[in-house]
Amino acid sequence: MNALSLIRQIISSLEDRIARWIKEKGIEKKIDLQRPPLMKYGDIACPVFKIAKSIGANPVYLAEELAEYLRKEKFDFVEKIEVYGGYVNIFLDREKVTAKVLSEVLTKDQLYGCMEQKLDELIIVEHTSTNPNAPIHIGNLRNSLLGDAFANILSALGYRVRRHFYVNDMGRQVIMTAIGYFLLKERNVKSALKHDLWTGIIYAIMNNFISAEEFKEKIWKIRPDLKELSQTKYQISDDEEKVFNEVLEREHKRVEDILGEDVESLKRTLKDIVEVSRDLKKRFPEIFNILLEEASKIESLSKYLEEQIRAYERGENPIKMVVRDMCSNVIKEVKKTLSRYGIYFDSFDWESDLAWSGFVEEILKKLEESGFVISKKSNGGEVKILDIEGYLRSRNLKSKLGIKEEFEVPPLVLTRSDGTTLYTTRDIAYTVWKFDKMGAKKVYNVIATEQNLPQLQLNVALRILGYDEWADNLIHFKYELVHLTGMKMSGRRARYITADEVLDTTINEVLKILEKSNYSEEEKRKIAQKVAIGAIKFALLNVSPLKVVTFDIKKALDLKENTGPFVQYNYARICSILRKAGTYRLDPSAVQAKWITGDLEWDLIRRIDEFPEVLKKVVQNLKPELLTNYLNELAVAFSKFYEKVPVLRAENDDQKVARLALVKAVGIVLRNGLKLLGIEAPEKM
RNA sequence: GGGCCCGUGGCCUAGUCUGGAUAGGGCACCGGCCUUCGGAGCCGGGGGUCGCGGGUUCAAAUCCCGCCGGGCCCGCCA
């Protein structure tokens, strides 16, 4: 691990020495060095309050004593040591540090920040993994950007990284979409839209039909006579809605007894189904009506759906062909969208492949052998349930996994009553596959926090299988969802802001700014592309994954508010300086650091030196926002330097060369950092 | 009812794990700066009960307890 920053190394050697001093005094305390808040307090500070307290000494005297001790030692890069209050403040030798840091950055160039040694360890980052029946929208995009940037950084740190997309083609939603997709195909209805948009609409409509049917079945249990009102099972007419509401109102006691459901929530469901139906019918009348017509020929869509789910799980045609055809078409579009964002995968893993290979069944059997699977009679069949809580209690694992003892972890349903598997069940098999077949040492799953519980259950399931080490190395990289101002995204209503739209509108916005410039059309296009990507990615990555992002398209388009373009802008300015400078020897031996030891320069040097540390922190803490923050601050620091310190019109050639070297080094870090975020640094903008 | 997460000037955000010096940035606002390397910029200014209340400590945004507000989850969905 040689990618330590220089100052980090200096701190370590100081810490060793201080630890020795503390030990000599017979004190047990540990001390951490810190970065002082102001430059006048030096570069590294050591507060001595803790040890002073433990031996009842005056902190100021003790600090003086420590300072004396340290002064006697020889530290390579330390210039002076001062005491202020209970702090020992250490000032570094700017010239020496600057020379060393610049030499490091300039010689490594594109590799600065990266580990030289490649590690053998394979890390799998699974991200995006959207259902293959809809377009990538702004919410999914957060997942993709986090996963991709994180994978980039891991690979900079020397790991072997593979990016995997899990194609979830066995879910209920996908199969119902495929049914509708097939019905339209039979009627020769061709999509005028991109495939992912097309299936997104089909999904919404089919889902609405099935919800209507399920709702009616419930009502009819209470009032079989109301069946006569029904024209079609898949729509709730205005009359029906009225009557249903009356039934729910008047007979609420019976309703709750028979259905075991809350009347208020049933009312809400009813209202929702009707509203969604109206909305979809209005927006997509043809598709809606044709699907309704075709669906009405089927006795029960929900039964039919269940049959098809079973058939697909067994790998039977024709549903197999239909689903595969539809999903591949959607995935093609998803790939296209993501490639516009510069995001690629090493592998698309089809859920169904795993199931058809018999691997899911194998895992299921193994789980049953553990003795923690409970079978429960239901719907004329048997559901299998994994007793997570029971296992945790029997192994006393709760505190290890950070779960409150009193909290009872809900069981995981492994199979439906007809024997088909559920998402998380298949995910257990998939996870085993990642570790076992792919040989991953570590797996990061970039998945929204709403899946917290299933991810925990998955983790425990691995332990039940005896794969504790894998479970320890399975990391749920969680993030919160994206909310929108002014509208709500909803797959059920086929309402979303797609990643393509976001990019298109942002590009247009950048083009407007570029209008007055005298770049060629071609250049403008290229720049707009890069800057738009920079704005979007930076904005989404800049927010902690654990915080809900409220995406305001208007704000996102205000490029002044966006720090991505600001960072890019400073890179472009750097390129401009270097271009105008012509050919200067900027190799380390030609640079005299004594010319660049002012506060502004020193601030830049310290930040540049910190870059490798930042990358490590991003990975350790799952916080890509540390990198966006870092880059923004580096750009701010550079901007200040740029304003105050002339480079091309320096006083003499040596000074000019030194300043040019510094500028170049800043450019290298900005460019490398942006690249890790998946953002290109334009030389002109 | 239970569990997890978030709460820092008008808005966004760092710092919280591992407690230390004047809570760091950005946007917006007000006032300056285009004869100087790219003004998508720079300089200056106002604006804060770090959600609230206790506790621990020489020292709390940070640790502990209790509340409040917001989000998510507790389906034979994913």
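Within every chain, numbering begins at 1; the chains are lettered A, B, ... in the order of the sequence lines, protein sequences first and strands thereafter.
Within the 4.0 angstrom heavy-atom criterion, base atoms lie near A:Asn379. Heavy atoms of A:Ser417 sit under 4.0 angstrom from at least one base atom. At the heavy-atom level, A:Ser544 lies under 4.0 Å from the strands shown only through sugar-phosphate atoms.
Atom name C1', nucleotides B:G10 and B:A28: the rounded distance is 8 Å, in whole Å. A distance of about 27 Å separates the C1' atoms of B:C12 and B:U18, rounded to the whole Å. With both ends at atom C1', the span from B:G48 to B:C11 equals 14 Å, rounded to whole Å. Nucleotides B:U22 and B:C27 have their C1' atoms positioned 24 Å apart, rounded to a whole Å. Spacing between B:G1 and B:C58 at atom C1', rounded to whole Å, works out to 44 Å. Comparing the P positions of B:C17 and B:A61 gives a spacing of 12 Å, expressed to the nearest Å. Rounded to whole Å, the C1' atom of B:G19 lies 6 Å from the corresponding atom of B:A60. The P atoms of B:G46 and B:C4 are separated by 43 Å, rounded to the nearest whole Å.
Side-chain atoms of A:Thr421 and A:Glu313 form a donor-acceptor pair, as typed in the model, at a separation below 3.5 Å. Judged purely by distance below 3.5 Å, without hydrogens or angles, the side chains of A:Tyr166 and A:Asp427 never pair a donor atom with an acceptor atom. For the residue pair A:Thr177 and A:Thr199, no side-chain donor N or O sits within less than 3.5 Å of a side-chain acceptor on the partner. For the residue pair A:Ser417 and A:Glu382, no side-chain donor N or O sits within less than 3.5 Å of a side-chain acceptor on the partner. Side-chain contact, A:Asn542 with A:Glu625: no donor N or O sits under 3.5 Å from an acceptor N or O.
For A:Lys547 and B:C6, the shortest distance from a side-chain N or O to OP1 or OP2 is not below 4.0 Å. Taking only side-chain nitrogens and oxygens, A:Lys623 comes nearer than 4.0 Å to OP1 or OP2 of B:G15. Phosphate contact (OP1/OP2 of B:C77, side-chain N/O of A:Arg416, threshold under 4.0 Å): present.
Pair check for B:C42 finds B:G32; Watson-Crick or G-U wobble, both atom distances under 3.5 Å. With a cut-off of 3.5 Å on both Watson-Crick or G-U wobble distances, the partner of B:G48 is given as none.
A stacking contact between A:Tyr569 and B:G38 is absent: the pair does not combine a ring-centre distance of less than 5.5 Å to the base's six-membered ring with planes differing by less than 30°.
Rounded to whole Å, atom C1' of B:G39 lies 9 Å from atom CD of A:Glu643. Remark: C1' of B:G39 and CZ of A:Phe566 are 12 Å apart, rounded to the nearest angstrom. Rounded to an integer number of Å, the gap from A:Phe49 CZ to B:A21 P is 9 Å. As rounded to whole Å, 10 Å separates atom P of B:A21 from atom CG of A:Leu38. Here B:A40 presents its C1' atom at 18 Å from CD of A:Glu683, a figure rounded to the nearest Å. A straight line from CG of A:Leu62 to P of B:C58 spans 17 Å, rounded to a whole angstrom. Atom OH in A:Tyr642 sits about 12 Å away from atom C1' in B:C34, given to the nearest Å. Distance A:Leu412 CG to B:C77 C1': 13 Å, rounded to the nearest Å.
Classification of B:C73 as anti follows from a glycosidic angle more than 90° from 0.
Cation-pi geometry between A:Arg573 and A:Tyr642 is met: the NZ or CZ atom falls under 6.0 Å from the ring centre, inside 45° of the normal.
One N or O donor and one acceptor, one from the side chain of A:Asn89 and one from the base of B:A21, sit under 3.5 Å apart.
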